[in-house]
Amino acid sequence: MTYPDYIDEIICRLEQAGASAYIVGGSLRDMLLGVPPHDYDVATSALPEETVRLFSDMRVIETGLRHGTVTVISHGQPVEITTFRIDGSYTDSRHPDSVRFTSKITEDLSRRDFTVNAMAYNKRDGLTDPFGGRDDLKKRLLRAVGDPHLRFSEDALRIMRAFRFSAQLGFEIEDGTLAGAVAGASGLADIARERIGSEFIRLITSPSPLRPLELMAEHGIFDYVLGGYVPSPRLIRAITDMPPRDIARIAALLSDTDRDSAARILRELRLSGKQITGTLAIMTGARMCVQTPADARRLIAHTGIYAADAARLSEVLGSSPSGAETMTQRQQNTPCSLRDLRINGKDIAGLGASGKLIGEVLNTVMERVIAEPRLNDRQTLLDMAKQILDIQQSKGNKNK
Ligand code: ATP
Ligand code: MG
């Protein structure tokens, strides 16, 4: 197994100073799986202050000194270096009350969540694997380190991590580990909503979300994630037919709820305003029946940049055969939004309209052009607008 020179340099420097140092965590797991790690985590027996001193010729960010983490920028790459530690007891099932540093790598590994995340490697010692992580990698199994009940009661976020890793890696969750997760689920009520939300979004956008979502549904985990809404097996299957983007997939999962409940659930997951707007637009668009080209243009007019996802969802749910049609309308550049019209608000004002009336006339013109795109010619639209305006104004006069 090899790692880049800039990591080797860090490990060697720590070793030369008399400390031990290893690659650990997700980076090692990915290396063993043959996947290039997105970043490297190094664990060392050196105390944080010592690490800071040893790398004083490089840029050092004191990320989480209290928890023993220092980030060193080595050849432009950030590397997290964390002192071996043992977590103290947990009273809030979130943050350990205290951390204690140790000089033994095996003690550090035993505080980690899953066996596949609890290995260490360097060139000098080879692989340190006290919990059979390598075996579990081969079996594609996610297994808690130590007693699962205890581990999930210490930190309930690990429950979400178990389902997320299962989706990300396509691993089964080992039976005892699953039982521990189910037993500890009520602990999720004490975990910060944004952490649950971020794990959940990672889960659903992963390559293998099906099995973990089914397990979550079967074991009541959604009580703590989607406020008790349980997506049906059909919707869980549907998400794998959606592009792996957060809003596209969450829209699919929430398709059996009404708009208000969906908005509430999305806020609970701490999604951003933009994500919430997008998800709701996709859900609304997916409910529009699209059979004709005019329907497809209407969908685009209503949902804008979310039209493709909306059309796809409607197709996946079998509501309409619209996906291809919507895309064709888009590519043909047929008029679907006010921006595409050959006239604008100023033109309507020029005809003598003002205030709210301008928008009303424009929207009526838009509706007609959606139904018949060939009408989108400037003179035709000006004549049409004049006519609509006359009718509106005569109605207005009658009402006076
Ligand atoms: P990825 O970065 O792809 O999400 P990762 O395994 O690197 O996966 P991180 O959250 O970056 O996950 O954490 C790094 C390592 O720290 C993990 O591999 C694990 O050993 C340990 N770890 C992280 N969170 C916890 C936790 N809540 N409980 C126990 N160990 C944890
Ligand atoms: Mg990581």
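This chain uses plain numbering: 1 for the first residue, then up along the sequence. Note that ligands are numbered from 1 as they come in the structure, with each ligand's atoms numbered from 1 the same way.
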Does only the side chain of [X] get under 4.0 Å from ligand 1, or the backbone, or both, or neither? Count heavy atoms.
X: F114; result: neither
X: N117; result: both
X: Q168; result: side chain
X: R164; result: side chain

Taking atom types as modelled, find out whether D383 and T380 have a side-chain donor-acceptor pair closer than 3.5 angstrom.
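Result is no, nothing qualifies.
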
Side chains of T284 and R259: any donor to acceptor distance under 3.5 Å?
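Looking only at side-chain atoms, T284 and R259 do form a donor-acceptor pair, the distance falling under 3.5 Å.
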
Looking at [Y], is its backbone amide N or carbonyl O close enough to the side chain of [X] to form a donor-acceptor pair, meaning the two atoms are under 3.5 Å apart?
X: S255; Y: A251; value: yes
X: D347; Y: N344; value: yes
X: S337; Y: A301; value: no
X: R100; Y: I86; value: no

Hey, which atoms in ligand 1 end up nearer than 4.0 Å to a heavy atom of [X]?
X: G26; result: 5 (P), 6 (O), 7 (O), 18 (O)
X: R111; result: 29 (C), 30 (N)
X: G25; result: 18 (O)
X: R202; result: 1 (P), 3 (O), 4 (O)

D256 vs Y229, side chain to side chain donor-acceptor pair (under 3.5 Å): CA-CA, chis, key distance, verdict:
CA-CA 9 Å; D256 284 341; Y229 167 77; 4.6 Å; no

Has ligand 1 got any nitrogen or oxygen that is less than 3.5 angstrom from a nitrogen or oxygen of D41?
no

Consider every N or O of D30 and every N or O of ligand 1, then say whether any pair is closer than 3.5 Å.
no

Nearest neighbour of atom 25 (C) of ligand 1 from the list R151, R112, R161, H38, on a heavy-atom basis:
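Of the listed residues, R161 has the closest heavy atom.
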
Can you confirm whether R140 sits close enough to L169 that some side-chain heavy atom of one is under 4.5 Å from a side-chain heavy atom of the other?
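No - every pair of side-chain heavy atoms lies 4.5 Å or more apart.
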
Is the shortest distance from a heavy atom of L157 to ligand 1 less than 4.0 Å?
no

